[in-house]
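First up is the structure itself, then whatever we jot down about it.
We count residues from 1, following the sequence as given. From a predicted model like this one, the values you see are computed outputs, not experimental measurements.
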Amino acid sequence: MNKPLALKLAPTTLKDVIGQSHLVGKDKILTNLVKNKKLFSMILYGKPGIGKTSIANAIINDLGVRHRFLNATINTKHDLDIVIEEAKMYGEMVLVMDEIHRLNKDKQDILLPQLESGLITLIGMTTSNPYHAINPAIRSRCQLFELKELDTDDIIKGLKKAIKHPDLEGIKIDNKVIELIAKLSGNDLRFAYNLLEICYYSTDDKTITEEKVRKINSKPVFFSDKDGDGHYDVLSGLQKSIRGSDVDAALHYAARLVAEEDLESLFRRLSVIAYEDIGLANPAIGPRLDAAINAAERVGLPEARIPIGTIVAEMALSPKSNTAHVAFDLALEDIEKGNVGTIPKHIKTDSPDYKYPHDYKGAYVVQQYLPNKIKNKKYYTPKDIGYEKQIKEIYERLEKIKKGN
């Protein structure tokens with residue numbers, strides 16, 4: 001079976017690795033480890049297509065050490081036992097394990113003593129954050145190295161190397177088209193190689209044009225991983241951009257979710273933002289968001305982008321206040337600590353001593369509502385911003401009446 005071009009272009013030495021200049025290169029840690037012929041257990045983590053497997057392979061090749069490859073999802077406990085027996089036979093073994101975050105407890109129990117003794121040196125690879133996804137016992141025995149996302153220049157460098165490969169003999173492609181492929185790749189070098197190869201073999205004259213590339217792939221690729229960190233990073237970026245009133249950034253992150261067609265996550269997070277970050281500064285935003293969500297769901301994509309873009313821009317540019325939910329959290333904190341007290345008798349059900357506010361001027365009358373134990377407690381502190389400025393004026397006027405001023 002003919003291997004994909006991406007596999008044929010995989011570096012066989014650290015000198016051929018594209019990107020990761022914080023780890024690879026003159027006086028960088030991985031290069032120096034190889035130079036000093038010393039290897040420690042490590043975990044390489046980062047997004048797909050940025051070189052985790054390539055670096056692991058390059059280290060193995062540069063050091064010329066005995067090694068075995070396993071996948072924590074596919075390979076069984078029996079497979080791991082075989083690797084350990086081989087390690088005992090030869091005195092040591094480097095185990096390269098993909099999807100290390102999927103390693104179950106049974107396999108961990110087998111592997112841990114071998115890591116501890118030094119019989120096995122582990123190179124683990126994962127797209128997940130190891131601080132969250134990997135067993136602490138494994139993690140504590142490994143050095144963690146984060147691989148950075150490749151930039152467009154890195155992808156272009158890889159593509160220019162690729163077009164010189166014998167498999168693409170006679171290829172005709174200009175720099176403008178190479179840049180287009182790089183941009184469409186979403187900084188995933190493997191995807192860029194695959195797109196280049198498909199474009200090459202889908203032509204009859206080996207000429208790759210912008211039109212050809214766009215017919216095959218018109219949408220940029222970006223890593224989100226709905227069940228992992230990438231997905232939540234996008235949602236976090238959206239919320240923090242709206243909270244920080246950066247309308248351009250807010251639209252960018254919302255557009256990522258729309259491009260992925262993950263409207264459910266987008267709507268759920270916008271609903272939280274409306275009340276957590278905008279709140280009483282613009283209380284109309286909640287109903288307005290609901291109306292926008294209803295409109296988006298009614299018309300569907302691609303037209304849904306219109307109400308979505310409108311409401312995201314409005315939310316980003318709205319005045320911001322978190323006072324209400326902060327006050328509520330303080331109230332909940334008192335409840336959880338048992339700081340409650342007895343409800344005053346005059347506001348209990350059917351009490352004859354209750355003063356009905358609507359019977360008084362301005363529909364307000366001074367009376368105690370909080371339990372005696374916390375009768376002077378203040379949870380809410382209004383901000384002088386947006387609609388809440390009006391609420392603050394009402395709040396301060398009522399406080400003066402309570403104090404008899």
Side-chain angles (χ1 to χ4, degrees), residues 128-137 139-140 226-229 231-245 264-290 293 315 318-351 353-357 363-403:
S128 297
N129 186 329
Y131 295 98
H132 300 154
I134 293 179
N135 180 289
R139 196 175 65 229
S140 68
K226 193 168 182 179
D227 297 320
D229 295 326
H231 174 70
Y232 293 107
D233 285 346
V234 174
L235 292 172
S236 177
L238 172 69
Q239 181 159 11
K240 287 170 182 171
S241 298
I242 292 177
R243 182 185 295 154
S245 301
E264 182 181 350
S265 294
L266 173 62
F267 294 157
R268 189 165 54 242
R269 183 56 65 101
L270 289 176
S271 297
V272 171
I273 296 168
Y275 294 95
E276 180 180 354
D277 295 303
I278 298 172
L280 292 175
N282 182 8
I285 204 68
R288 288 180 64 79
L289 172 61
D290 282 344
I293 290 173
M315 291 174 73
S318 284
K320 308 297 189 299
S321 175
N322 65 348
T323 55
H325 86 80
V326 167
F328 192 67
D329 286 345
L330 292 173
L332 284 173
E333 187 179 324
D334 267 353
I335 306 303
E336 290 166 0
K337 290 180 177 177
N339 192 24
V340 288
T342 304
I343 298 171
K345 289 182 179 179
H346 62 276
I347 62 168
K348 289 185 177 180
T349 307
D350 298 328
S351 171
D353 299 320
Y354 171 61
K355 296 176 182 178
Y356 188 57
Y364 180 76
V365 59
V366 175
Q367 63 184 326
Q368 182 181 331
Y369 292 97
L370 278 170
N372 280 329
K373 184 179 179 181
I374 54 171
K375 66 179 182 179
N376 295 317
K377 189 79 174 185
K378 300 293 182 189
Y379 297 117
Y380 176 60
T381 303
K383 284 186 178 180
D384 192 11
I385 187 170
Y387 177 79
E388 195 169 11
K389 184 176 182 179
Q390 300 175 47
I391 294 176
K392 182 180 180 182
E393 292 171 359
I394 296 169
Y395 177 85
E396 290 175 344
R397 177 169 55 83
L398 294 175
E399 287 298 299
K400 286 181 179 179
I401 295 172
K402 285 181 185 178
K403 294 174 182 177

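With sequence neighbours excluded, the residues that form a side-chain contact (heavy atoms from CB on, under 4.5 Å) with Ile394 are Arg397, Leu398. Residues satisfying the salt bridge (charged side-chain N to carboxylate O under 4.0 Å, His left out) criterion with Lys378, sequence neighbours excluded, are Glu399. Partners of Ala324 under the side-chain contact (heavy atoms from CB on, under 4.5 Å) rule, at least two apart in sequence or in another chain, are Leu280. With sequence neighbours excluded, no residue forms a ring pair (Phe, Tyr, Trp, His ring centres under 6.0 Å) with Tyr364. Under the rule for a side-chain hydrogen bond (donor to acceptor under 3.5 Å, both in side chains), the partners of Lys240 that lie at least two apart in sequence or sit in another chain are Ser236. Considering only residues two or more places apart in sequence or on other chains, Gln390 meets the side-chain hydrogen bond (donor to acceptor under 3.5 Å, both in side chains) condition with none of them. When the side-chain contact (heavy atoms from CB on, under 4.5 Å) test is applied to Ser351, the partners found at least two apart in sequence or on another chain are His346, Asp353. Residues forming a ring pair (Phe, Tyr, Trp, His ring centres under 6.0 Å) with Tyr380 (at least two apart in sequence, or on another chain): Tyr395. Checked against side-chain hydrogen bond (donor to acceptor under 3.5 Å, both in side chains), Lys392 has no partners two or more places apart in sequence or in another chain. Partners of Arg268 by salt bridge (charged side-chain N to carboxylate O under 4.0 Å, His left out), not counting sequence neighbours, listed by chain and number: Glu264. The ring pair (Phe, Tyr, Trp, His ring centres under 6.0 Å) check on Tyr356 picks up His358, with sequence neighbours excluded.
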Could you pull out every donor-acceptor pair under 3.5 Å between side chains of residues 325-335 and any protein atom, sequence neighbours left out?
{"residue": "His325", "atom": "NE2", "partner": "Glu276", "partner atom": "O", "Å": "3.3"}
{"residue": "Glu333", "atom": "OE2", "partner": "Lys337", "partner atom": "NZ", "Å": "2.9"}
{"residue": "Asp334", "atom": "OD1", "partner": "Asn339", "partner atom": "ND2", "Å": "3.2"}
{"residue": "Asp334", "atom": "OD2", "partner": "Tyr379", "partner atom": "OH", "Å": "2.6"}

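Scanning all heavy atoms of the two residues, the minimum distance from Pro283 to Pro287 falls at O-CD, 3.5 Å. For the residue pair Pro319 and Gly386, the shortest heavy atom distance occurs at CG-CA, 3.9 Å. Heavy-atom minimum distance, Pro371 versus Gly341: CB-C, 3.7 Å.
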Stepwise side-chain contact (heavy atoms from CB on, under 4.5 Å) check, Thr342 with Lys373: CA-CA 8 Å; Thr342 304; Lys373 184 179 179 181; over 6 Å; no
field: Check against side-chain contact (heavy atoms from CB on, under 4.5 Å), Ile293 and Phe267
entry: CA-CA 7 Å; Ile293 290 173; Phe267 294 157; 3.7 Å; yes
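Leu270 has its side chain within reach of Ile242: a pair of non-hydrogen atoms, C-beta onward, lies under 4.5 Å apart. Two residues are said to be in side-chain contact when any heavy atoms from C-beta on lie closer than 4.5 Å; Gln367 and Tyr354 meet this criterion. Side-chain contact between Ile285 and Ser318: present, with at least one pair of heavy atoms (C-beta onward) separated by less than 4.5 Å. Here the side chains of Ile273 and Leu289 are not in contact, with every heavy-atom distance at 4.5 Å or above.
Residue-environment remark: NZ (Lys355) stays at or below the threshold of 12 foreign heavy atoms within 6.0 Å. Under a cut-off of 6.0 angstrom, the local environment of CZ in Arg139 is crowded, with over 12 non-hydrogen atoms contributed by other residues, nucleotides or ligands.
With hydrogens and angles ignored, the 3.5 Å screen pairs no side-chain donor or acceptor of Arg243 with any backbone N or O of Asp277.
The CD1 atom of Ile278 sits 4.0 Å away from the CE atom of Met315 when rounded to the nearest 0.5 Å. Note: Ser271 OG to Asp290 CG = 6.5 Å, rounded to the nearest 0.5 Å. A distance of 10.5 Å separates CG of Asn372 from NZ of Lys345, quoted to the nearest 0.5 Å. In this structure, Leu238 CG and Leu266 CG are separated by 6.5 Å, a value rounded to the nearest 0.5 Å. Note: Lys320 NZ to Glu388 CD = 13.5 Å, rounded to the nearest 0.5 Å. Of the inter-residue distances, the one linking Ile385 atom CD1 with Thr323 atom OG1 reads 10.0 Å to the nearest 0.5 angstrom.
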